[in-house]
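Shown next, in structure tokens, is the structure this report addresses.
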Amino acid sequence: MWGENDVSMPANGVVRIPPNRLLKLNQLLQRLLIVASSYLLLVIFSLGQPLLALLAVLLLTASSTLSLFSFLELLYSWATTALRADADGITDATGPVPGGLVRWDEISGITESIAHEEPVLLLNLYNPQAYLDRLPELKRSMLSGSVSVYGTPCVVAQSDVGIPIGEAQRRLEEARQRFVTASVGPTTTTIPTAPTAHWWTAVPPEERKAQPLRNGSSDR
């Protein structure tokens, strides 16, 4: 089921999780079947039943339009990603209202849950309201309802991604560990050392005053 929806991870570590192209293909095939059925009904009813023929024309028009939209969605899915994890955070392009970029410092965890017997991926946030406040008003109002149900406005359904939700969670967690650790970076502590005295003197060399060299006339 997931064969053609592989996750790509280039050398820079960016994770791209594709949309569910198989679902879009199934929708296209179902609508094309309705188109064929509508055309067959039109041929049958056009012989002596004009009212039914008109209904068949309307059904054919509607199904053809929906089929065209499904075809365009399928083509568009090959040029987009459902979820993208990079150095900035996770960009959510799923659902009717995509959540957009969720920064790493906003994410408290990535978990899996079940909603209406379907697995969902939850991007849990430290402060959901702060995330919503930076969104446009229309998008904010549409996503805020998920907070009372899931505790977060960032919810990704299984039907929107081309790999199992559990696999998507694992990939995103790996990206989170990689990018967050890289952004922090290793810390080094420099401990100052005191001047070291040598055996031939109790005064370290760097604290001794340099003596001027004698010129030739002074030795005489």
Side-chain angles (χ1 to χ4, degrees), residues 1-10 14-85 90-102 112-123 135-146 149-150 153-169 171-172:
M1 178 179 179
W2 314 105
E4 63 181 58
N5 291 322
D6 295 330
V7 178
S8 60
M9 187 175 66
V14 175
V15 174
R16 293 181 176 87
I17 297 178
N20 194 339
R21 301 187 183 108
L22 291 178
L23 178 62
K24 297 182 183 299
L25 178 60
N26 288 335
Q27 291 176 343
L28 175 61
L29 294 177
Q30 291 173 4
R31 290 172 177 177
L32 288 177
L33 180 61
I34 297 177
V35 170
S37 301
S38 301
Y39 180 77
L40 180 61
L41 292 175
L42 177 60
V43 171
I44 294 175
F45 295 144
S46 62
L47 299 177
Q49 302 183 37
L51 182 59
L52 294 178
L54 178 60
L55 293 177
V57 169
L58 295 177
L59 181 60
L60 178 61
T61 302
S63 59
S64 299
T65 303
L66 292 176
S67 298
L68 177 60
F69 284 147
S70 293
F71 178 70
L72 294 177
E73 284 184 352
L74 182 60
L75 287 182
Y76 183 69
S77 68
W78 289 100
T80 59
T81 55
L83 296 169
R84 172 190 167 97
I90 299 175
T91 302
D92 177 14
T94 64
V97 184
L101 175 64
V102 187
E112 180 182 357
S113 184
I114 299 293
H116 307 292
E117 300 183 354
E118 180 186 18
V120 293
L121 184 71
L122 305 179
L123 303 181
L135 298 179
E137 183 177 356
L138 180 59
K139 181 181 289 190
R140 178 169 63 248
S141 62
M142 298 185 71
L143 292 179
S144 59
S146 299
V149 179
Y150 304 101
C154 306
V155 182
V156 180
Q158 174 64 84
S159 58
D160 289 330
V161 295
I163 62 174
I165 284 294
E167 177 69 10
Q169 177 191 7
R171 296 275 185 168
L172 294 177

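Since the structure is predicted, the reported quantities are computational estimates derived from the model, not experimental observations. Side chains are part of it too, since the values below use all heavy atoms of this structure and drop only hydrogens, waters and symmetry mates.
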For [X] and [Y], work out which heavy atoms get closest and say how close.
X: Val35; Y: Leu60; value: O-CD1, 3.5 Å
X: Ile165; Y: Gln158; value: N-OE1, 2.9 Å
X: Ser146; Y: Pro153; value: CB-CA, 4.0 Å
X: Arg21; Y: Thr80; value: NH2-O, 4.1 Å

For [X], all residues meeting side chain to side chain donor-acceptor pair (under 3.5 Å), sequence neighbours excluded:
X: Asp92; result: Thr94
X: Ser159; result: Glu118
X: Thr91; result: none

To the nearest 0.5 Å, tell me how far [X] [atom1] sits from [Y] [atom2].
X: Asn20; Y: Asp160; atom1: CG; atom2: CG; value: 8.0 Å
X: Leu66; Y: Leu28; atom1: CG; atom2: CG; value: 11.0 Å
X: Gln27; Y: Leu22; atom1: CD; atom2: CG; value: 11.5 Å

Quiz item: Heavy-atom distance under 4.5 Å between the side chains of Ile114 and Pro119, does that happen here?
Solution: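 Ile114 reaches Pro119 side chain to side chain.
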Distance-only criterion, 3.5 Å: show the donor-acceptor pairs between side-chain atoms of residues 136-145 and protein atoms not counting sequence neighbours.
| unit_1 | atom_1 | unit_2 | atom_2 | d |
| --- | --- | --- | --- | --- |
| Lys139 | NZ | Pro98 | O | 3.0 |
| Arg140 | NH1 | Leu135 | O | 2.7 |
| Ser141 | OG | Glu137 | O | 3.3 |
| Ser141 | OG | Leu138 | O | 2.7 |
| Ser144 | OG | Arg140 | O | 3.3 |
| Ser144 | OG | Ser141 | O | 3.1 |

Could you pull out all residues at least two apart from [X] that satisfy side-chain contact (heavy atoms from CB on, under 4.5 Å)?
X: Leu59; answer: Ile34, Ser38
X: Ser113; answer: Val120, Leu122
X: Leu75; answer: Phe71
X: Leu52; answer: Phe45, Gln49, Leu55

Quiz item: What side chain to side chain donor-acceptor pair (under 3.5 Å) pairs are there with at least one residue in residues 57-76, not counting sequence neighbours?
Solution: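 As it turns out, the side chain to side chain donor-acceptor pair (under 3.5 Å) pairs with a partner in residues 57-76, which skip direct neighbours, are Arg31-Ser70.
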Exercise. Apply side-chain contact (heavy atoms from CB on, under 4.5 Å) to Leu121 and Leu83, showing your working.
Key: CA-CA 11 Å; Leu121 184 71; Leu83 296 169; 4.0 Å; yes
Exercise. Take atom OH of Tyr150 as the centre, draw a 6.0 Å sphere, and report whether it contains more than 12 heavy atoms from other residues, nucleotides or ligands.
Key: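 Atom OH in Tyr150 is packed in, count exceeds 12.
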